[in-house]
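What follows is a set of notes on a single structure, which appears directly below.
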Amino acid sequence: MRVFILAGEPSGDRLGGALMAGLRLLRPDVQFDGIGGPLMVAQGLSSQFPMQELSVMGLTEVLPKYFHLKRRITETAQAIVDLHPDVVITIDSPDFSLRVAKLVKEASDIRTVHYVAPSVWAWRPKRADKMAKVIDHVLALLPFEPPYMERAGMECDFVGHPVVGEPKASEAEIAQLRAKHGLGDAPVLLALPGSRRSEVERLADVFGAALQDFLSKHPNMRIVIPTAPHVAELVRQKTAQWPGQPVVLASDKQDAETAAIHKRAAFATAELALAASGTVSLELAAAQTPMVIAYKFSWLTYKIMESMALIDTVTLVNLVSETRVIPECLGPACLPVNIAQALSNVRANPQAQTEAMHVTMQRLGQGGEAPGLRAARAVLSRLPTA
């Protein structure tokens, strides 16, 4: 069995790695081709080009890389057609993935699966109809998504979110992290300014100013900054002048397993987090770490998204738990004074988030079969030759 699988960013790499592990367990004869990051490479993928080339977010942010991305789309689609795998699995990154799927469908009858349903419940609901022209089957992370996809004409399975199956830090791992970085017994605040270079560039100065304000009222806290390997050096540069002797977890100078251990230990020991908008809110929820979400878009991107939004929150914990307990500082509200006040409020009353995080994990499949294996079963069960 041959599978072409592609992801464009770290969250997609995590999904892809778990799905590939599930497929290998259920179909030991499986062979992989495609594009991915270190977790997918660890499962046997030889990436056709660095996944980081696709890690671009925002409508205006894509424009400078348009021609390069267009060339990569064409190259990738042609590679799929030439290989003619049993199935193509595209993971998130819809601006890239769905364009590749369109070219593949125009040139072949290869089955297409897309992992991560588009958030048509949030904005641009017609995307499901367009997607149905090039995608046969959708793997959904959120329990309320399948009806949206099925109404558009696609098969869809809720497979759970991989965050519910990720390992928890042990007390020994937490103690080792604290000792290694001289944290002692100090309370820890996680700062997570994004996994894309563009995010770090936009958010690092705002986060730094917010933390300067916050730490003036909470001077005993230490800041820990987990990083993705491809932005680690940039994070070090941008946070060098931050207050509170920040500790940057140097994932670019460690093997993937050690970096993962240190990251989950940091999440587990932190009592508060400031994070860029994205799936990191679910990782924090899994660790029961109270949080504030902040994100700064370009003015044009924000205005376009604001005009098209169908929901009043972008944080998945708020959406899945059907609450609004996670404060957000987005777009024009992404200001140091707003962020610092939100952090103080959450630290004063973290219990308000506890129940919402617990409900979120339950609804995402905690306690059931591992999402990667569940996703693999869904892919195989719907293959004509399965």
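Enclosure of atom CD in Q237 by more than 12 non-hydrogen atoms of other residues, nucleotides or ligands within 6.0 angstrom is indicated. Remark: K180 NZ is loosely packed, at most 12 non-hydrogen atoms of other residues, nucleotides or ligands lying under 6.0 Å away. More than 12 non-hydrogen atoms from other residues, nucleotides or ligands lie less than 6.0 angstrom from CD of Q351. In the displayed structure, E106 atom CD is contacted under 6.0 Å by more than 12 heavy atoms of other residues, nucleotides or ligands. Within a 6.0 Å sphere centred on CD of Q245, heavy atoms belonging to other residues, nucleotides or ligands number 12 at most.
Contact of the V320 side chain with the V359 side chain is not registered, since no non-hydrogen atoms from C-beta on lie closer than 4.5 Å. Put simply, the side chain of N220 reaches to within 4.5 Å of the side chain of P187, judged on heavy atoms. L177 has its side chain out of reach of E173: every pair of non-hydrogen atoms, C-beta onward, lies at least 4.5 Å apart. I223 is listed as a side-chain neighbour of I225, based on a closest heavy-atom distance under 4.5 Å. Residues Y115 and V159 are in side-chain contact: their nearest non-hydrogen atoms beyond the backbone lie under 4.5 Å apart. E322 is listed as a side-chain neighbour of R363, based on a closest heavy-atom distance under 4.5 Å.
Remark: T269 pairs with R178 by the side chain to side chain donor-acceptor pair (under 3.5 Å) rule, at least two apart or across chains. Contacts of Q362 classified as side chain to side chain donor-acceptor pair (under 3.5 Å), with partners at least two apart in sequence or in another chain: none. For T258, the side chain to side chain donor-acceptor pair (under 3.5 Å) partners at least two apart in sequence or on another chain are D255. Applying the side chain to side chain donor-acceptor pair (under 3.5 Å) test to E283 and every residue at least two apart in sequence or in another chain returns R14, K263. Remark: D136 pairs with K105, R111, T112 by the side chain to side chain contact (heavy atoms under 4.5 Å, CB included) rule, at least two apart or across chains.
Minimum heavy-atom separation, P147 to F144: CD-O, 3.6 Å.
Residue pairs meeting the side-chain hydrogen bond (donor to acceptor under 3.5 Å, both in side chains) criterion with at least one member in residues 366-375, sequence neighbours excluded: E369-R377. Under the salt bridge (charged side-chain N to carboxylate O under 4.0 Å, His left out) criterion, the residue pairs touching residues 221-245 are E201-K238, D205-K238, E233-R236, R236-D252, with sequence neighbours excluded. For residues 40-49, there are no salt bridge (charged side-chain N to carboxylate O under 4.0 Å, His left out) pairs, not counting sequence neighbours. Residues in residues 237-293 take part in no ring-ring contact (aromatic ring centres under 6.0 Å, His included) pair, two or more places apart or across chains. Sorted by first and then second residue, the side-chain hydrogen bond (donor to acceptor under 3.5 Å, both in side chains) pairs involving residues 139-150 (not counting sequence neighbours) are W121-E145. Applying the salt bridge (charged side-chain N to carboxylate O under 4.0 Å, His left out) test to every pair with at least one member in residues 329-353, sequence neighbours left out, gives these pairs: E271-R347.
To the nearest 0.5 angstrom, Q31 atom CD is 13.0 Å from L23 atom CG.
Of the charged side-chain nitrogens involved, at least one lies within less than 4.0 Å of a carboxylate oxygen, so that D213 and K217 count as a salt-bridged pair. Using a 4.0 Å cut-off between a side-chain N of Lys or Arg and a carboxylate O of Asp or Glu, R196 and E9 qualify as a salt bridge.
For S281 (side chain) and S277 (main-chain N/O), no donor-acceptor pair under 3.5 Å exists by modelled atom type.
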Residue pair L192, F207: steps toward the side-chain contact (heavy atoms from CB on, under 4.5 Å) verdict: CA-CA 9 Å; L192 298 144; F207 277 27; 5.7 Å; no
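Tested against I91, the residues V113, L6, I5, D13 include a single side chain to side chain contact (heavy atoms under 4.5 Å, CB included) partner, I5. The salt bridge (charged side-chain N to carboxylate O under 4.0 Å, His left out) test with R2 singles out one residue from D33, D82, D86, and that residue is D33. Among L249, V188, V224, the one residue that satisfies the side chain to side chain contact (heavy atoms under 4.5 Å, CB included) test with H181 is L249. With L343 as reference, L211 is the one residue of N338, L215, L211 to meet the side chain to side chain contact (heavy atoms under 4.5 Å, CB included) rule.
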Without placing hydrogens or testing angles, list every side-chain donor-acceptor pair under 3.5 Å for residues 325-333, not counting sequence neighbours.
residue	atom	partner	partner atom	Å
E328	OE1	T313	OG1	3.4
E328	OE2	T313	OG1	2.6
E328	OE2	V314	N	2.9
E328	OE2	T315	N	2.9
E328	OE2	T315	OG1	2.6

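Looking only at atom types and distance, the side chain of H137 has a donor-acceptor partner in the side chain of D157 under 3.5 Å away.
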